[in-house]
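I have a structure I would like to understand better, so I am pasting it below and will then ask my questions one at a time.
Sequence lines set the chain letters: A, B, ... in the order given, protein chains first and strands last, and positions in each chain run from 1.
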Protein chains: 2
Amino acid sequence: MNVNLQKNWLCSCYGGFNHNITNAGLTSRTHSPVDDTIMPKRTKAEAEATREALLDAAEVIFLERGVSRTSLEQIARQAGMTRGAVYWHFKNKSDLFHAMLDRVKMPLRQLLDDVEDPDQPNAPLESLRLATLHALERLQGPRSRRVHTILLHCSESASDVDILALQDQLACDCYETMLERFEDARDTGTLAASIEPEIACRMLMSMFLGLMHDWLRDPERYDIGEIGPRMLDTLFERIRLMPCDPRPG
Amino acid sequence: MNVNLQKNWLCSCYGGFNHNITNAGLTSRTHSPVDDTIMPKRTKAEAEATREALLDAAEVIFLERGVSRTSLEQIARQAGMTRGAVYWHFKNKSDLFHAMLDRVKMPLRQLLDDVEDPDQPNAPLESLRLATLHALERLQGPRSRRVHTILLHCSESASDVDILALQDQLACDCYETMLERFEDARDTGTLAASIEPEIACRMLMSMFLGLMHDWLRDPERYDIGEIGPRMLDTLFERIRLMPCDPRPG
DNA sequence: GCAAGTTTACATTCATGTATGTATGCCTGT
DNA sequence: ACAGGCATACATACATGAATGTAAACTTGC
């Protein structure tokens with residue numbers, strides 16, 4: 001009975017996306033997993049593959065039904081497994097959820113490192129602009145999009161997973177590194193003198209978070225790849241020191 | 001702290017089994033646990049009072065445990081009633097949830113009406129600024145704060161309640177009336193010519209939504225009554241036409 | 001007495017965690 | 001090199017907990 005399930009799963013999950021990790025390890029010496037005979041070849045690579053499959057399945061089902069309403073049974077079935085497999089790889093639903101998140105984390109610090117050339121450092125505001133634009137790009141990737149939708153819309157506080165603590169940790173980390181740049185911008189006179197770094201920081205963070213929240217609610221409404229950059233560019237364009245601003249000091 | 005509360009509650013309520021819950025906490029015949037002295041009179045006014053009590057209770061428990069993990073039994077219990085009362089006043093959890101929301105709705109249109117004097121119309125950007133500031137004020141009221149926290153953090157999509165449809169409706173309504181003002185501001189030359197109304201609109205909406213989302217996650221972190229207005233004022237200050245901007249036309 | 005309001009009882013459904021079964025992969029000693 | 005033993009990677013079964021909706025029994029206002 002699992003044959004059809006597996007086929008559907010392969011179509012819906014591995015269809016168009018780039019799953020570089022999963023198929024790599026097991027194609028070497030095993031035959032197709034859609035074979036009608038059951039063939040449990042539990043090599044290390046295959047175990048890792050089912051782990052990934054379970055996480056993929058979790059993304060799909062969490063997105064469809066919400067975290068609290070999905071049972072581990074449903075996740076297992078989506079992956080063509082049973083609950084036993086889930087409990088083998090993960091302690092419980094919360095553990096699985098965190099593992100799912102770990103696959104898409106993109107700390108601001110790392111984004112900044114990607115856009116900053118140590119030899120030729122950008123102005124801090126330009127670094128932030130590029131980093132947030134880069135974050136927007138990554139957000140549109142299918143997996144990142146799914147998981148962030150789950151985080152913002154398909155999970156609730158005080159559930160199996162402590163979402164608020166998770167979000168809080170991410171946000172505080174983001175705030176701190178962002179603030180450093182804004183303070184740098186103020187000190188170097190790039191930021192308009194009337195705008196305190198803390199306020200600029202919260203403005204940028206709120207705008208980004210709000211945009212994510214709004215767009216992910218229904219991504220078909222508008223193209224965030226076009227709207228997002230225009231919003232960010234406008235913000236950065238407007239908060240920097242302008243000719244008519246009073247000179248700092 | 002929630003864990004202990006839950007545990008205590010479970011102990012006191014389900015301590016035995018499904019038998020004789022009444023004997024533990026409630027008196028058998030005169031069944032008004034909140035008011036033990038007077039026999040309950042079920043007049044129309046009192047029925048309405050229990051309805052409100054149930055909604056109050058829902059706010060509290062939803063906030064503590066999340067919507068999906070809250071049982072109607074818990075809500076009833078918090079209000080000093082039983083599940084029967086809930087099912088009398090509301091069709092189900094979703095119905096109750098919507099009723100709870102209806103008590104705090106603040107459409108942007110109405111907020112604008114409050115700050116706009118028909119005799120002496122403000123500039124559109126000033127209207128928007130006052131309206132959003134007003135919204136911030138109202139958000140800090142205990143009930144509004146609770147319910148919006150529930151909406152943004154304690155409820156999930158595809159649950160008993162269709163949160164996304166609700167948010168979508170509110171957001172679209174907000175976007176439309178907001179866009180009118182920004183277009184007005186562009187036409188009257190109040191808005192910087194380089195900023196399209198659609199972008200300004202999404203910037204403001206995203207910033208407000210993001211601020212709500214961020215602040216409500218942990219309101220003790222900062223004083224939104226101080227930070228919020230500074231963010232909004234800065235935004236409006238910077239997106240309006242400035243002396244160094246190219247004149248429109 | 002009738003109906004509104006509320007409680008109690010009941011049947012059903014479903015998720016969870018764990019315990020147990022089992023087949024396979026991997027390793028080790030000789 | 002290989003036979004046996006142990007750990008791995010699952011599947012299945014079971015016991016428990018808990019929520020839901022509805023029906024039926026009161027209880028009181030009018």
Note to self: Nearest to the side chain of Thr50(A), heavy atoms from C-beta on, is which of dT18(C), dC10(D), dT8(C)?
What the structure shows: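 Closest nucleotide among those given: dC10(D).
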Go through the structure and list residues passing side-chain contact (heavy atoms from CB on, under 4.5 Å) with Ala85(A), not counting sequence neighbours.
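Result, side-chain contact (heavy atoms from CB on, under 4.5 Å) vs Ala85(A): Leu54(A), Met81(A).
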Show, in sequence, the C-alpha distance, side-chain angles and deciding distance for Thr149(B) and His153(B), and conclude whether the side chain to side chain donor-acceptor pair (under 3.5 Å) test is met. CA-CA 6 Å; Thr149(B) 305; His153(B) 290 300; over 6 Å; no
May I have the distance from Leu72(A) (atom CG) to dT18(C) (atom C1'), rounded to whole angstrom?
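Rounding to the nearest Å, CG of Leu72(A) and C1' of dT18(C) are 13 Å apart.
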Length of the CZ-P vector between Arg69(B) and dG17(D), whole Å =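 Rounded to the whole Å, the gap is 16 Å.
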Exercise for the section: Starting at atom CZ of Arg51(B), determine the distance to atom C1' of dA4(C), rounded to an integer number of angstrom. Expected result: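 To the nearest whole Å, that distance equals 16 Å.
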Quiz item: Cut-off 3.5 Å, side chains only: do Glu156(B) and Ser68(B) have a donor facing an acceptor?
Solution: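 No - no donor-acceptor pair under 3.5 Å links their side chains.
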Please give me every residue in residues 85-94 of chain A whose heavy atoms get under 4.0 Å of an atom in DNA chain C, ordered by residue number.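 By residue number: Tyr87(A), Lys93(A).
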Euclidean distance, atom CG of residue Leu54(A) to atom P of dA11(D) [Å, nearest integer]: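 In whole Å, dA11(D) P lies 9 Å from Leu54(A) CG.
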Per Met81(A) side chain, nearest of listed nucleotides dT20(D), dA11(D), dG17(C):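 Of dT20(D), dA11(D), dG17(C), dA11(D) is nearest to the side chain of Met81(A).
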- If you look only at pairs with a residue in residues 88-104 of chain B, which of them pass as a side chain to side chain donor-acceptor pair (under 3.5 Å), with sequence neighbours excluded?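 For residues 88-104 of chain B: Thr50(B)-His89(B), Glu52(B)-Arg103(B), Asp56(B)-Arg103(B), Glu59(B)-Arg103(B), Asp102(B)-Lys105(B).
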### Message
Less than 6.0 angstrom from the centroid, inside 45 degrees of the normal: does Arg221(A) satisfy that with respect to the ring of Tyr175(B)?
### Response
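The answer is no; the distance or angle limit is not met.
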Q. What's the CD-P distance between Glu73(A) and dT13(C), to the nearest Å?
A.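 My rounded result for the distance is 16 Å.
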* Asked: Does any non-hydrogen side-chain atom of Phe62(A) lie less than 4.5 Å from one of Ile75(A)?
  ->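 Counting from C-beta outward, Ile75(A) and Phe62(A) do come under 4.5 Å.
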Let me know the distance between CZ of Arg77(A) and P of dA15(C), rounded to the nearest Å.
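Going from Arg77(A) (CZ) to dA15(C) (P), I get 11 Å.
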query = For Gly84(B) and Arg83(A), take the nucleotide of DNA chain C holding the closest heavy atom to each; which residue's nucleotide lies nearer the 5' end?
reply =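 This one resolves to Gly84(B).
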(Q) Please report the distance, rounded to the nearest Å, between CD1 in Ile75(A) and P in dG17(C). (A)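 Checked: the CD1 to P distance equals 12 Å.
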Original post:
Do Trp215(A) and Gln140(A) come within less than 4.5 Å of each other through their side chains, counting heavy atoms only?
Top reply: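 Counting from C-beta outward, Trp215(A) and Gln140(A) do come under 4.5 Å.
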| Separation of atom CG in Asp160(B) from atom C1' in dA19(D), rounded to whole Å |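 Rounded to the whole Å, the gap is 10 Å.
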